[in-house]
Amino acid sequence: MSSKRVVELFYDVVSPYSWLAFEVMCRYRTVWNIDLKLRPAFLGGVMQASGNKPPGLVPNKFAFMNNDLRRLAKYFNVPLQTPADPFEAMFNKGSLTAMRFVQAVQAKETGGDQQVEKVSRELWKRIWSEDKDITEPASLAEAAQRAGLSSSQIEEVQKLCTTQDIKDKLKSATQAAMSYGSFGFPMLVCHIDGKTEMFFGSDRFELMAHCLGEKWLGPQPQTSSAKL
């Protein structure tokens with residue numbers, strides 16, 4: 001078998017479309033010949049640096065997004081539900097503290113991104129499934145506990161996420177996304193034969209599969225394979 005192609009997934013838990021891409025790529029990690037690298041970054045920084053506008057600031061886009069997410073939740077089999085006040089959750093509260101927390105988890109983890117994956121998923125569940133806070137220390141601790149981190153690990157991560165080192169790591173990841181030409185999340189960067197191919201959004205998997213020389217089996221590949 002040829003060496004695995006590296007695929008970087010830049011994401012922010014404030015983005016519901018990032019959750020969809022995240023779950024699909026986690027499912028395909030064992031289906032495609034890829035080495036998936038999770039790259040937690042800060043969407044607010046990317047939006048500001050690129051001059052892009054969030055869908056929430058364009059009324060027609062916002063109305064479409066709510067309906068679109070309802071359909072996509074069923075299609076991707078992700079328990080996604082819009083918060084009661086999405087503007088408050090996405091823009092007033094934001095995700096800077098949460099993404100620093102995820103960066104701290106990643107900084108402490110060795111031998112893969114299992115804890116990063118689980119903590120990120122629990123944070124998405126809080127904001128985009130349970131309509132709960134992701135900004136307060138107690139909220140982050142609860143998500144980490146549900147992800148399987150011990151009390152001592154959570155305490156250590158909470159101390160670490162306020163340090164300048166973690167702030168710089170998040171800034172660096174955000175700048176890395178910008179260096180690839182990002183204007184929003186999710187963003188997937190495929191490294192193929194010494195070249196990079198960037199894909200934006202959660203609706204480019206078929207094209208990405210073509211570029212990787214793999215087969216797209218739908219958002220639930222295990223189910224699709226079983227039907228073949």
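Each residue takes its place number in the sequence, starting with 1. Worth saying up front: this structure is predicted, and the values here are computed from it rather than measured.
With sequence neighbours excluded, the residues that form a side-chain contact (heavy atoms from CB on, under 4.5 Å) with A107 are L160, I166, K169. When the ring pair (Phe, Tyr, Trp, His ring centres under 6.0 Å) test is applied to W216, the partners found at least two apart in sequence or on another chain are Y28, F205. Under the rule for a salt bridge (Lys or Arg N to Asp or Glu O under 4.0 Å), E109 has no partner lying at least two apart in sequence or in another chain. Here F199 pairs with nothing under the ring pair (Phe, Tyr, Trp, His ring centres under 6.0 Å) rule; sequence neighbours left out. Considering only residues two or more places apart in sequence or on other chains, F22 meets the ring pair (Phe, Tyr, Trp, His ring centres under 6.0 Å) condition with Y11, W124. Residues meeting the salt bridge (Lys or Arg N to Asp or Glu O under 4.0 Å) test with E214, sequence neighbours left out: none.
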Residues 186-195, side-chain donor-acceptor partners within the protein, below 3.5 Å, at least two apart:
{"residue": "H191", "atom": "NE2", "partner": "E8", "partner atom": "OE2", "Å": "2.7"}

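Listed by first and then second residue, the side-chain hydrogen bond (donor to acceptor under 3.5 Å, both in side chains) pairs that reach into residues 83-95 are D12-S95, E88-N92, K93-D133, sequence neighbours excluded. Pairs engaging residues 38-90 under the ring pair (Phe, Tyr, Trp, His ring centres under 6.0 Å) rule: F87-F91 [sequence neighbours left out]. A side-chain hydrogen bond (donor to acceptor under 3.5 Å, both in side chains) check over residues 41-57, counting only residues at least two apart or in different chains, returns nothing. Applying the salt bridge (Lys or Arg N to Asp or Glu O under 4.0 Å) test to residues at least two apart or on different chains, the pairs with a partner in residues 110-122 are E23-R121, R29-E117, E117-R121, E122-K125, E122-R146. For residues 204-213, no residue pair satisfies the side-chain hydrogen bond (donor to acceptor under 3.5 Å, both in side chains) rule, not counting sequence neighbours.
The CG atom of L140 sits 7.5 Å away from the OG1 atom of T135 when rounded to the nearest 0.5 Å. For the atom pair CG of L43 and CZ of F10, the computed distance is 13.0 Å after rounding to the nearest 0.5 Å.
Taking 4.5 Å as the limit, every side-chain heavy atom of L9 sits out of range of all side-chain heavy atoms of K37. Side chains of V14 and M99 form no contact here, defined as non-hydrogen atoms less than 4.5 Å apart.
Using a cutoff of 4.0 Å between basic side-chain nitrogens and carboxylate oxygens, R70 and D68 are not scored as salt-bridged.
Although no hydrogens or angles enter the test, the distance criterion places no donor-acceptor pair under 3.5 Å between the side chain of W19 and the main chain of V13.
Under the 6.0 Å cut-off for aromatic ring centres, F185 and Y17 do not qualify, their centroids lying 6.0 Å or more apart.
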